[in-house]
Protein chains: 2
Amino acid sequence: MLAEIITIGDEILIGQIVDSNSAFIGKALNKIGVDVYQISSIQDDRTHILAALKEAQARVDIVLITGGLGPTKDDITRHTLCEFFDDVLVENSDVLLHVEQLFEKYISTPISDINRQQALVPSKAQVLKNKYGTAPGMWIEENDTVFISMPGVPFEMKGLIENEVVPRLKSRFKRPFILHKTVLTHGVGESAIAEKIASWEEELPSFVKLAYLPSLGRVRLRLSARGKEHAMLETEIERRLISLHALIGDIIVGYEDDQPIEVVVGSLLAKQHKTLALAESCTGGHIAQAITAHAGVSSFFKGGVVTYATISKTTLLGIPEDFIATYSVTSSEVAEAMAKAARQKFNADYAIATTGNAGPEKGDGDVAVGTVFIAMATPEKTYSQKFVFGNLRERTIGKAVSKAFEMLHSELKDA
Amino acid sequence: MLAEIITIGDEILIGQIVDSNSAFIGKALNKIGVDVYQISSIQDDRTHILAALKEAQARVDIVLITGGLGPTKDDITRHTLCEFFDDVLVENSDVLLHVEQLFEKYISTPISDINRQQALVPSKAQVLKNKYGTAPGMWIEENDTVFISMPGVPFEMKGLIENEVVPRLKSRFKRPFILHKTVLTHGVGESAIAEKIASWEEELPSFVKLAYLPSLGRVRLRLSARGKEHAMLETEIERRLISLHALIGDIIVGYEDDQPIEVVVGSLLAKQHKTLALAESCTGGHIAQAITAHAGVSSFFKGGVVTYATISKTTLLGIPEDFIATYSVTSSEVAEAMAKAARQKFNADYAIATTGNAGPEKGDGDVAVGTVFIAMATPEKTYSQKFVFGNLRERTIGKAVSKAFEMLHSELKDA
């Protein structure tokens, strides 16, 4: 069962937006045992769309198309689909009613002919209801290939995938199970791990694949198993993980199914009825942002301060100016004082603090660009670690955020 | 001059990571007048890679490949390139020396045979030096098509694009100029704008393209011009923008070349020698994160508080508990009190505050999910606006961040 995602829109090709839609669709399909064979991002161009549809039809069983369904002249997907299927556009009364209702409820301008044209769909298409917008999703089958067209607006696409596309694919196709388990390691490079586990890797059965995913400061090992029996896959992966742990247990910091580390840490906090506060300097709100991007965090997240200017460490956290002057603003002493103060100000069980220089220029402190101190305050103790992450700003911030969550994870995992 | 980007790696197809590399490459190529015709994300699979290379060769002049260059068994790009070009791998002494130096400097484990194999490159390839990693970039020409292979690790790829690929493409190919100008509008939907500017759009010359980019709470209109004479393109775009302004000037909030709104606002603050502080509740650090993701912000950004728990609005910002109880935590009064307090605590010229309920569950306040109050405190006044963004968390936070920057932009643009 293979799928291809075709995203239509020049804004992706010129780098104006990052294509996060495809990752969302890929994840949703993977969960129900549909393999994404290829993602193709193409121009808003008739010839190009026709060629891409033809190529995809030859390669896969399911073609998912996003973009180009808006009401304006640069949106040509609907007409091009019609041409591809040798079809005509007809007005769909359900869609028209929905468009009229949306306008009545949310939009102050009167409905126009352009808006009414959103109700035109190819006669061969089944309409997929788009709760959040005027452009409907469409499902067209031809020669055993299913074509699904959705708007490119992320929340409209997501609604369609969850409410319409996934349920229909599940009932339309028989699919295998796909299980992934990702092992998080730290401290050792990709090639050194590969040498240590070479013979273990050789012995993996053909239906289990291993991938190395190096990212900021750590290597993730992803095991993927595919087959018809869910229980057998689970047992097999479990068995392989146990023998892997015997080889490199010392560098394994955790496992993830599908969850980023901030969610893993959040679940641990919630389960233990503990709370968290932050005092961020060089990470500038990136840790808070990662936490609050997910729903349901108010049960454990108290809040944080972003003390970007040195003086704000005094005014907000009450760290004396002469203390900062004595130890330097980028020091383990200041990091620990920040963590302690955040823990107390927010009345939290745990607090994380960061201070450092993400670069590219030297700031108020006297440390090299890329130096970061991360401190952890717990009910029992306060301590910190020093890191040197190099001279790329984005990378330094990313690594610091990742390390902060790892340190918190170490505190929580055995609690 | 057409290019195709091929990203190799199952992690993109299963949605484990979002492909941000392609956006970076697309932007870099666009700036030098190279058009990205297609982006193809494909599996770590020999047959699939060979097929994708062949298809791309038929379509474009430049093929940029990322991924699959690591030292482990799942990395097969190097061998597959060799097969595609009917070539052999040879040891490159410069690369070997570089790998040895990297290990000496940064890595505690001794260098192994697997690491030394990173110095094997196809004999037809020119090596592109990867300062930040062990896998070299490669440049291979065949039948007038240039193939460029780079590692998938973002900062390694970025270094190669900036230091090696762009300079070489500039000297290898004659390229047209491409100019983009994006007009930011607010308050009116895509189709209503399209009707207002229909005849203006009709009259655009063939070398100027218009695209509608609807996103959270606003529509951006992107004009792209392409041609041999830079000055002529600039004049033409300028002329079209003036006539556009005459039609819809009332809904235009700004223009961007290539810059997100937080950068535009940051430049205005820096130019006016003004400073900014934040008090974020429902946006949970997302505004701070957007600002500090960019370098050079310490000249205007003082910091912020993330008062996620209601009580922290009292302990951190000094807003009396009974004040919050009287007006409710999600109210214009509390938002304004937060902004005033942040402005004073951080000793900043401007402060933005957010309080609301991003959902999905009802929080401490008594407003509907999706309701957000954004307050602005300036040297002269404090005021707030109420928004209702709907019941999708991610969208509500995104819209609130975008609105906050728009409100600040309105304050600064005429100052």
Side-chain angles (χ1 to χ4, degrees), chain A residues 10-11 13-15 18-20 23-24 26-27 30 36-43 70-72 74 107 109 112 114-115 153 155 189-192 194-195 210-214 284-286 288-289 292 295 298 301-309 312 315-316 345-346 360 363 392-393 395, chain B residues 10-11 13-15 18-20 23-24 26-27 30 36-43 70-72 74 107 109 112 114-115 153 155 189-192 194-195 210-214 284-286 288-289 292 295 298 301-309 312 315-316 345-346 360 363 392-393 395:
Chain A
D10 294 348
E11 64 276 23
L13 299 167
I14 67 170
V18 169
D19 174 23
S20 58
F24 180 88
K27 203 177 255 183
N30 201 269
V36 176
Y37 184 74
Q38 177 157 340
I39 301 166
S40 305
S41 297
I42 62 171
Q43 297 187 328
T72 52
D74 61 328
I107 299 169
T109 46
S112 71
I114 295 186
N115 303 125
V153 181
F155 70 94
E190 191 180 359
S191 54
E195 286 197 70
L210 174 71
Y212 293 79
L213 308 168
H286 282 66
Q289 186 267 341
T292 61
S298 55
F301 183 54
K302 293 278 192 134
V305 291
V306 179
T307 53
Y308 215 67
S312 64
T315 53
L316 269 287
K345 290 260 175 198
F346 284 97
L392 294 166
R393 180 180 182 83
R395 190 183 164 209
Chain B
D10 293 348
E11 64 275 23
L13 300 167
I14 68 170
V18 169
D19 175 23
S20 58
F24 180 88
K27 203 176 253 183
N30 202 270
V36 176
Y37 184 72
Q38 179 157 339
I39 300 167
S40 305
S41 298
I42 63 171
Q43 297 186 328
T72 52
D74 61 328
I107 300 170
T109 45
S112 71
I114 294 186
N115 303 124
V153 181
F155 70 93
E190 191 180 0
S191 54
E195 284 196 72
L210 174 71
Y212 293 78
L213 308 168
H286 282 67
Q289 186 266 343
T292 62
S298 53
F301 183 55
K302 293 276 192 138
V305 291
V306 179
T307 53
Y308 215 67
S312 64
T315 53
L316 269 287
K345 290 262 174 197
F346 285 96
L392 293 166
R393 180 181 182 82
R395 188 181 165 210

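Each chain gets a letter, A, B and so on, in the order the sequences are listed, and its residues count up from 1.
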*Could you check which of A:Ala194, A:Gly285, A:Ser41 has the highest count of heavy-atom pairs closer than 4.5 Å to chain B?*
A:Ser41
*Does any heavy atom of chain B fall under 4.5 Å from the side chain of A:Leu392, the backbone, both, or neither of them?*
side chain
*Determine, step by step, whether B:Val18 and A:Phe24 satisfy the side chain to side chain contact (heavy atoms under 4.5 Å, CB included) criterion, reporting the C-alpha distance in whole Å, the side-chain angles of both residues, the deciding distance to 0.1 Å, and the verdict.*
CA-CA 9 Å; B:Val18 169; A:Phe24 180 88; over 6 Å; no
*Is there a side-chain contact between A:Asn30 and A:Val36 (heavy atoms, below 4.5 Å)?*
no
*In chain order, what residues pass the side chain to side chain donor-acceptor pair (under 3.5 Å) check against A:Ser112, with sequence neighbours excluded?*
A:Asn115, B:Glu195
*How long is the span from the CD atom in B:Gln43 to the CG atom in B:Leu13, to the nearest 0.5 Å?*
6.0 Å
*If you count heavy-atom pairs under 4.5 Å with chain A, which of B:Gly70, B:Gly303, B:Gly304 comes out on top?*
B:Gly304
_For chain B, which candidate among A:Thr315, A:Asp19, A:Leu316 shows the most heavy-atom pairs at distances under 4.5 Å?_
A:Leu316
_B:Tyr37: partners by ring-ring contact (aromatic ring centres under 6.0 Å, His included), with sequence neighbours left out_ = A:His48
*Which one, A:Thr307, A:Leu213, A:Val153, leads in non-hydrogen pairs under 4.5 Å with chain B?*
A:Leu213
*Determine the minimum heavy-atom distance between A:Ile114 and B:Ser191, stating which atoms define it.*
CG2-CB, 3.7 Å
*chain B: which of A:Ile14, A:Asp10, A:Leu210 shares the most heavy-atom pairs with it under 4.5 Å?*
A:Ile14
_Using heavy-atom distances under 4.5 Å, tell me whether A:Ile42 contacts chain B through its side chain, its backbone, both, or neither._
both
